[in-house]
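As structure tokens, the structure follows; a few thoughts come after it.
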Amino acid sequence: MTSCDYPNFKTHFAELLRQAAYTIISPDTAIRIELTRTKQASHGDYSCNLAMQLAKSLHQSPRDIANKLIDAMPASLYLDKAEVAGAGFINLFLTHAAKQQCAHQVLQHPDTYGKSDYGHDKKIQVEFVSANPTGPLHVGHGRGAAYGASLANVLTAAGFNVSREFYVNDAGRQMDILTLSTWLRYLELNDIYIPFPQNAYQGNYVSVMAQLIHQAHADRYVHQPKLLLDGLPDSVLKAVVTTDEHLDILIGNAKKILGQDYAYFHNFVLTEQLGDCRNDLMEFGVEFDVWFSEQSLYDNGSVARTMELLEEKKYLYEQDGAIWFRSTDFGDEKDRVVQRENGQYTYFASDIAYHLNKFERGFEQVINIWGADHHGYIPRVKGALQALGLDSDKLEIALVQFAVLYRDGKKAPMSTRSGEFVTLRELREEVGKDAARFFYVMRKSDQHLDFDLDLAKSQSNENPVYYVQYAHARICSVLAQWDGQMSDLETADTATLTNPVELTLLQKLIDFPDTVEMAAKEYSPHLIAFYLRELASEFHSYYNSTRFLVPEIPLQNARLALIAAIRQVLNNGLTLLGVSAPDKM
RNA sequence: GUGCCCGUAGCUCAAUCGGAUAGAGCACCAGCCUUCUAAGCUGGGGGUUACAGGUUCGAUUCCUGUCGGGCACGCCA
């Protein structure tokens with residue numbers, strides 16, 4: 001937390017302007033005072049457009065109002081000057097002393113600098129990745145993982161009480177298809193060849209799981225494979241065409257044949273895939289507080305109970321043998337099935353129960369991070385929450401556009417079915433965790449991401465992450481060659497830091513807490529990435545223009561205090577993004 | 001066909017919920033290492049923010065239309 005003797009200047013000056021404003025307008029007038037950082041040094045450090053906002057209602061020129069506001073502003077020892085510019089902007093200039101003090105601030109509160117209580121400990125959940133445990137995570141999941149983890153870190157830093165959650169789709173058809181796929185591969189290992197459906201899981205990891213079972217249990221689960229083809233047309237035998245119906249028949253037959261042993265296979269592949277997924281994410285620096293099982297919602301009756309609730313509120317009806325939810329009442333384009341003709345609940349049904357459960361756990365804000373291809377799914381989920389009498393505005397869906405892979409200048413396929421996908425693990429091994437994490441959050445999450453594999457692999461030293469890390473390593477190197485005590489820098493006299501580049505750097509350090517807050521407010525961790533690049537850029541420029549280890553001790557200590565503070569902020573920022581800050585490169 | 005998102009430098013992307021002269025990186029050109037890490041720095045060329053209107057002190061941002069691109073439109077998950 002920032003200590004009370006060193007203010008947030010945006011907040012501080014906004015308050016002064018508020019007091020000034022109420023000398024010329026009625027105190028019960030609602031005004032929004034927003035300070036923005038200026039782009040040009042000649043415009044000062046902070047700028048406010050309040051005068052232009054008031055111009056219309058006061059019937060005065062913006063510049064006249066601006067002058068009145070400046071005259072009415074209470075004095076501040078941090079304010080060097082305030083002036084009117086342009087159409088009526090009020091430009092505020094910080095004193096050098098105010099900026100120089102920031103270096104001390106950072107060094108005296110190294111781990112907490114950048115944090116704030118903006119979130120007021122509000123209980124917030126971030127649910128992300130939530131990939132089907134039916135195969136390895138691919139590079140599309142990687143983006144959701146990097147975004148979600150960074151966002152959760154940013155929210156935590158901004159003072160929210162964050163819970164990271166992974167929703168495990170352990171119930172449903174996709175798991176059954178994987179189970180069937182594994183059993184078929186297992187049968188092959190026992191020299192029993194049943195045509196492998198083209199719409200089953202083709203990936204090599206399926207065979208690997210089958211081998212594990214075969215090694216442990218030999219032919220124990222062979223049973224009567226011929227019965228598997230009961231009720232299927234001959235075309236399936238030739239493995240030319242298999243439809244979804246064929247697959248469902250195969251699954252049904254497998255369940256019948258295997259009996260209790262089906263549960264063994266199902267559980268084995270789930271445990272195996274989930275473990276792999278958890279491990280993969282951990283190596284990517286992404287961890288979760290809660291792994292929430294979809295199956296548990298069936299086991300404890302939550303799904304049935306949720307459906308009863310909707311039934312009581314008259315939002316369900318029967319048609320064509322299925323049960324429908326009236327999502328059109330809430331703006332969806334059509335009503336949606338919650339229970340199929342065959343009596344099975346749909347994924348949507350358990351999802352409603354899941355979201356009800358989230359609210360019952362007391363989260364004041366819930367963020368779901370979904371792939372952008374799910375955008376059509378939003379109205380029905382929000383509709384269901386409204387039907388249950390909940391405030392759907394407390395559910396924020398952050399859509400993450402898929403990363404489109406390019407290989408040899410062409411789009412590369414990345415379906416989990418085709419077996420040709422690029423996995424997150426492969427990507428990590430090729431470009432490293434740090435580069436992958438940084439690269440993923442370099443751009444706004446709702447923008448398409450072109451991921452050029454050749455570039456990322458062959459020219460990874462061009463990745464911007466090295467630029468930032470290099471700045472950190474350079475500072476470490478300088479400080480290692482200095483023989484003083486770090487504690488001396490905490491109180492070093494920084495009054496000599498008056499060069500433009502030094503003042504720019506100090507202002508940049510002051511900006512860090514505001515940047516974190518903005519990133520939290522806008523759910524935009526990419527702002528941190530851009531901030532770090534700018535800070536690193538200004539540092540590299542400083543490094544090339546100014547020597548730090550100089551004979552004059554007071555001057556040396558002042559400069560070292562500044563670069564030590566920069567190192568700390570680089571470290572704090574990189575940590576938010578899950579990227580390491582190396583001492584050497 | 002309907003709905004949602006998007007269109008900014010040659011390429012990949014920014015632009016603090018409408019602000020001042022639209023910014024970076026890569027690529028290209030010209031310079032800087034007997035001195036703290038050259039994975040760096042300095043300078044330069046590059047734009048009618050897809051197009052046409054509208055709203056106002058002010059538009060890349062908001063509204064309408066056109067063109068172009070992506071995604072979604074299952075009793076799948």
Side-chain angles (χ1 to χ4, degrees), chain A residues 10 34-40 42-43 47 49 52 55-56 61-62 85-89 91 130-132 134 169 171-175 177 244 248 294 319-324 333-334 336-348 350-351 371-379 399 401-402 404 442-444 446-452 455 459-467 469-471 473-482 511 514-515 517-519 521-522 524 526-527 529-530 533-534 536-537 539-550 559-560 563 584-585:
Chain A
K10 272 193 183 181
E34 216 164 273
L35 288 177
T36 54
R37 283 277 287 114
T38 53
K39 289 172 186 167
Q40 286 181 56
S42 63
H43 292 155
S47 178
N49 64 0
M52 287 179 281
K56 193 171 246 178
S61 86
F89 293 101
N91 291 338
S130 300
N132 277 336
T134 51
N169 300 128
R173 189 161 172 273
Q174 295 304 319
M175 276 307 300
I177 297 173
D244 279 354
D248 284 337
E294 179 190 6
Q319 186 181 307
D320 304 327
I323 311 282
W324 299 70
E333 46 191 49
K334 56 174 286 195
R336 308 290 174 174
V337 171
V338 289
Q339 191 170 15
R340 293 196 280 266
E341 197 176 356
N342 64 11
Q344 286 205 314
Y345 288 113
T346 60
Y347 176 82
F348 180 44
S350 56
D351 221 17
D373 55 335
H374 284 68
H375 71 259
Y377 192 67
I378 297 172
L399 293 179
Q401 291 287 347
F402 275 145
V404 182
M442 267 299 291
R443 38 193 53 66
K444 266 194 327 203
D446 59 356
Q447 294 289 340
H448 286 95
L449 169 60
D450 287 343
F451 209 123
D452 187 329
L455 183 72
Q459 301 180 32
S460 59
N461 59 337
E462 286 177 6
N463 196 300
V465 68
Y466 294 105
Y467 185 79
Q469 289 181 319
Y470 186 52
R474 266 184 155 177
I475 298 172
C476 287
S477 177
V478 172
L479 291 174
Q481 287 168 63
W482 169 63
D511 289 341
D514 290 333
T515 304
E517 189 176 304
M518 182 65 70
K521 189 177 165 188
E522 306 284 332
S524 298
H526 77 277
L527 294 175
F530 277 92
R533 275 239 309 227
E534 287 164 14
S537 169
F539 166 74
H540 284 308
S541 184
Y542 185 39
Y543 181 94
N544 277 272
S545 70
T546 312
R547 192 168 170 79
F548 310 135
L549 297 173
V550 292
R559 290 176 179 168
L560 291 180
I563 66 167
K584 285 181 194 169
M585 286 180 72

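In this text, all values refer to a predicted model and were calculated from it rather than measured experimentally. Chain A is the first sequence line, chain B the second, and so forth, proteins listed ahead of strands; every chain is numbered from 1.
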Checklist entry - Who are the side-chain hydrogen bond (donor to acceptor under 3.5 Å, both in side chains) partners of A/H374, not counting sequence neighbours? => result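 In terms of side-chain hydrogen bond (donor to acceptor under 3.5 Å, both in side chains), with neighbours along the sequence ignored, A/H374 is linked to no residue.
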Checklist entry - For A/S350, what residues pass the side-chain hydrogen bond (donor to acceptor under 3.5 Å, both in side chains) criterion, not counting sequence neighbours? => result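 Partners of A/S350 by the side-chain hydrogen bond (donor to acceptor under 3.5 Å, both in side chains) criterion, ordered by chain and then number, come out as A/E294.
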Item to check | Residues A/L549, A/L560; criterion side-chain contact (heavy atoms from CB on, under 4.5 Å); working and verdict | outcome: CA-CA 8 Å; A/L549 297 173; A/L560 291 180; 4.3 Å; yes
Reckon [X] touches a base, only the sugar-phosphate, or nothing at all at heavy-atom distances under 4.0 Å?
X	result
A/D320	base
A/Q344	nothing
A/R37	base
A/S61	nothing
A/A519	nothing
A/F348	nothing
A/D373	sugar-phosphate
A/N91	base

Item to check | Side-chain heavy atoms of A/N169 within contact of A/Q174, under 4.5 Å | outcome: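 A/N169 vs A/Q174: side chains apart.
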Restricting to non-hydrogen atoms, name the atom on [X] and the atom on [Y] that form the minimum distance, rounded to 0.1 Å.
X	Y	answer
A/R336	A/E333	NH2-CG, 3.8 Å
A/D248	A/R173	OD1-NE, 2.7 Å
A/F89	A/S47	CD2-OG, 3.7 Å

If the [atom1] atom of [N] is compared with that of [M], how far apart are they to the nearest Å?
N	M	atom1	result
B/rG46	B/rG25	C1'	15 Å
B/rU42	B/rG7	P	30 Å
B/rA9	B/rA27	C1'	12 Å
B/rC33	B/rC26	C1'	24 Å
B/rG3	B/rU66	P	11 Å
B/rU16	B/rG54	C1'	27 Å
B/rA30	B/rA72	P	47 Å
B/rU61	B/rA22	P	14 Å

Checklist outcome for this item: Under a 4.0 Å heavy-atom criterion, the protein footprint on nucleotides 32-38 of chain B, written with B, S and -, is ---SBBS
Rounded to the nearest Å, what distance is computed from the [atom1] atom of residue [X] to the [atom2] atom of nucleotide [N]?
X	N	atom1	atom2	answer
A/R443	B/rC26	CZ	P	14 Å
A/I475	B/rA39	CD1	C1'	15 Å
A/M518	B/rA14	CE	P	16 Å
A/E294	B/rC76	CD	C1'	12 Å
A/H526	B/rU12	NE2	C1'	14 Å
A/I323	B/rG74	CD1	P	20 Å
A/H540	B/rG40	NE2	P	7 Å

Checklist entry - Between A/K444 and A/E34, which is nearer to the 5' end of RNA chain B once each is assigned its nearest nucleotide? => result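 Its nucleotide being nearer the 5' end, the pick is A/K444.
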Next on the checklist: By nearest heavy atom, map A/S42 and A/N132 onto RNA chain B; which one lands nearer the 5' end?
Outcome noted: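 Looking at RNA chain B, the more 5' nearest nucleotide goes with A/S42.
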Given [N], is OP1 or OP2 found less than 4.0 Å from the side-chain N or O atoms of [X]?
X	N	result
A/R340	B/rC76	yes
A/K521	B/rU16	no
A/S541	B/rU42	yes
A/K334	B/rU2	no

Next on the checklist: Among residues at least two apart in sequence or on other chains, which ones pass ring-ring contact (aromatic ring centres under 6.0 Å, His included) with A/H43?
Outcome noted: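 Not a single residue meets the ring-ring contact (aromatic ring centres under 6.0 Å, His included) criterion with A/H43.
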Item to check | Torsion-based syn/anti label for B/rC6, 90° from 0 as limit | outcome: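 Base orientation: anti.
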Item to check | Pi stacking test for A/H43 and B/rA20: under 5.5 Å apart, planes under 30° | outcome: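 Answer is yes, a stack.
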For the side chain of [X] and the backbone of [Y], is there at least one donor-acceptor N/O pair under 3.5 Å apart?
X	Y	result
A/S545	A/Y542	yes
A/H375	A/A372	yes
A/D320	A/A322	no

Atom pairs, N/O to N/O, protein against nucleotides 3-11 of chain B, distance under 3.5 Å?
unit_1	atom_1	unit_2	atom_2	d
B/rG3	N2	A/H375	NE2	2.7

Next on the checklist: Once pairs are restricted to Watson-Crick or G-U wobble with both distances under 3.5 Å, how does RNA chain B read as a dot-bracket string, [ ] for crossings and | for other-strand pairs?
Outcome noted: (((((((..((((.....[...)))).(((((.......))))).....(((((..]....))))))))))))....
